[in-house]
A.B. asks: 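Here it is: the structure, laid out below.
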Amino acid sequence: MSVLALVPAAGDGVRLGAGVPKALVRLGGVPLVVRAVDGLLASEAVQAIVVAVRAVDLAVVRELLAGRCGQIEVIVGGADRSSSVRAALWYGLHRFPATRTVLVHDAARALTPPGMIASLVAAVEAGWSAVVPVLPLADTVKELNPVGVVLGTVDRSVLRAVQTPQAFEVSLVRRAYGLAESDPGASAVTDDAGLVERLGEPVHTVPGDPLAFKITTPWDLRVAELVVGST
Ligand code: C5P
């Protein structure tokens with residue numbers, strides 16, 4: 001057992017406004033969390049998966065994911081994404097002690113191409129301890145003051161939007177999440193690689209994919225429906 005993927009799926013999805021938790025929203029008839037897990041399995045690079053869900057959804061998600069090849073565990077997540085990831089990480093490392101590489105994904109990035117997932121695992125196996133998928137920014141980016149007036153234009157050529165899964169060598173992600181428990185600054189960090197950055201360790205990048213976009217708003221869901229309908 002060497003590659004463990006964590007799938008935080010315990011959000012309530014208020015911004016999506018679907019009336020059910022986001023992980024259970026159906027896209028082409030298939031719940032987002034099921035699509036995210038199936039994408040990880042289809043990469044053929046992942047041997048074990050821990051999914052973190054709301055306590056009330058535990059039974060239904062276990063049922064939805066039953067019968068798949070591969071080791072899949074469903075646990076209860078936390079009050080925010082990083083708590084859900086932490087719960088899944090500690091559970092997964094205990095349950096799968098032979099883990100060498102950890103992927104941290106989002107159930108909301110349900111259309112992530114399996115090939116991109118495999119490229120992240122390959123990058124860690126080739127020697128990078130932390131790797132994230134990135135995309136260049138299409139729009140011009142402005143910095144604003146608190147009342148919305150432009151202070152200046154940011155050089156977008158050095159900026160990248162970051163997606164998931166993010167991939168880590170196991171001892172590094174263990175150290176990053178371990179330290180975060182006693183680091184007050186960690187609560188402001190918005191992705192898993194950000195915790196590695198706080199350790200002063202390098203984070204490498206591979207090309208992301210537009211299909212790995214996060215389904216957050218009704219617009220995103222509409223786009224995802226068009227993508228699924230066209231394939
Ligand atoms: O809300 P947002 O889309 O930013 O959440 C990103 C991911 O984190 C989603 O897959 C969501 O289910 C997950 N999450 C979680 N636990 C929370 C909040 C969010 O696992 N308490």
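When a ligand or atom number is given, it counts from 1 through the structure's own listing order.
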A.B. asks: Any salt bridge linking E125 with R100? Criterion: basic side-chain nitrogen under 4.0 Å from a carboxylate oxygen.
C.D. replies: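 Between R100 and E125 there is no salt bridge, as every charged N stays at least 4.0 Å from the carboxylate O atoms.
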A.B. asks: Between R35 and D38 (salt bridge meaning N to carboxylate O under 4.0 Å), is one present in this structure?
C.D. replies: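 No, R35 and D38 are not salt-bridged.
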A.B. asks: Please produce the table of protein N or O atoms sitting under 3.5 Å from N or O atoms belonging to ligand 1, one pair a line, distance to 0.1 Å.
C.D. replies:
unit_1, atom_1, unit_2, atom_2, d
ligand 1, 1 (O), R15, NH2, 2.9
ligand 1, 3 (O), K22, NZ, 2.6
ligand 1, 4 (O), R15, NH2, 3.3
ligand 1, 4 (O), K214, NZ, 2.8
ligand 1, 10 (O), P8, O, 2.8
ligand 1, 10 (O), A107, N, 3.2
ligand 1, 10 (O), A108, N, 3.4
ligand 1, 12 (O), A10, N, 3.3
ligand 1, 12 (O), G11, N, 3.0
ligand 1, 14 (N), G11, N, 3.4
ligand 1, 16 (N), S84, OG, 2.7
ligand 1, 20 (O), A9, N, 3.2
ligand 1, 20 (O), A10, N, 2.9
ligand 1, 20 (O), S84, OG, 3.2
ligand 1, 21 (N), G78, O, 2.9
ligand 1, 21 (N), A79, O, 3.3
ligand 1, 21 (N), D80, N, 3.3

A.B. asks: Test of understanding: with salt bridge (charged side-chain N to carboxylate O under 4.0 Å, His left out), list the residues that count as partners of R86, not counting sequence neighbours.
C.D. replies: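 Only E181 meet the salt bridge (charged side-chain N to carboxylate O under 4.0 Å, His left out) criterion with R86.
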A.B. asks: Between D57 and R62 (salt bridge meaning N to carboxylate O under 4.0 Å), is one present in this structure?
C.D. replies: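 Here D57 does not pair with R62 in a salt bridge, since their nearest N and O are not under 4.0 Å apart.
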A.B. asks: To check you understand the geometry: which heavy-atom pair defines the closest contact between S82 and Y177, and what is its length?
C.D. replies: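 Taking S82 first and Y177 second, the nearest heavy atoms are O-CE2, 3.9 Å.
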A.B. asks: With the threshold set at 4.0 Å, does a side-chain nitrogen-carboxylate oxygen contact exist between R95 and E73?
C.D. replies: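 The answer is yes: the pair qualifies as a salt bridge.
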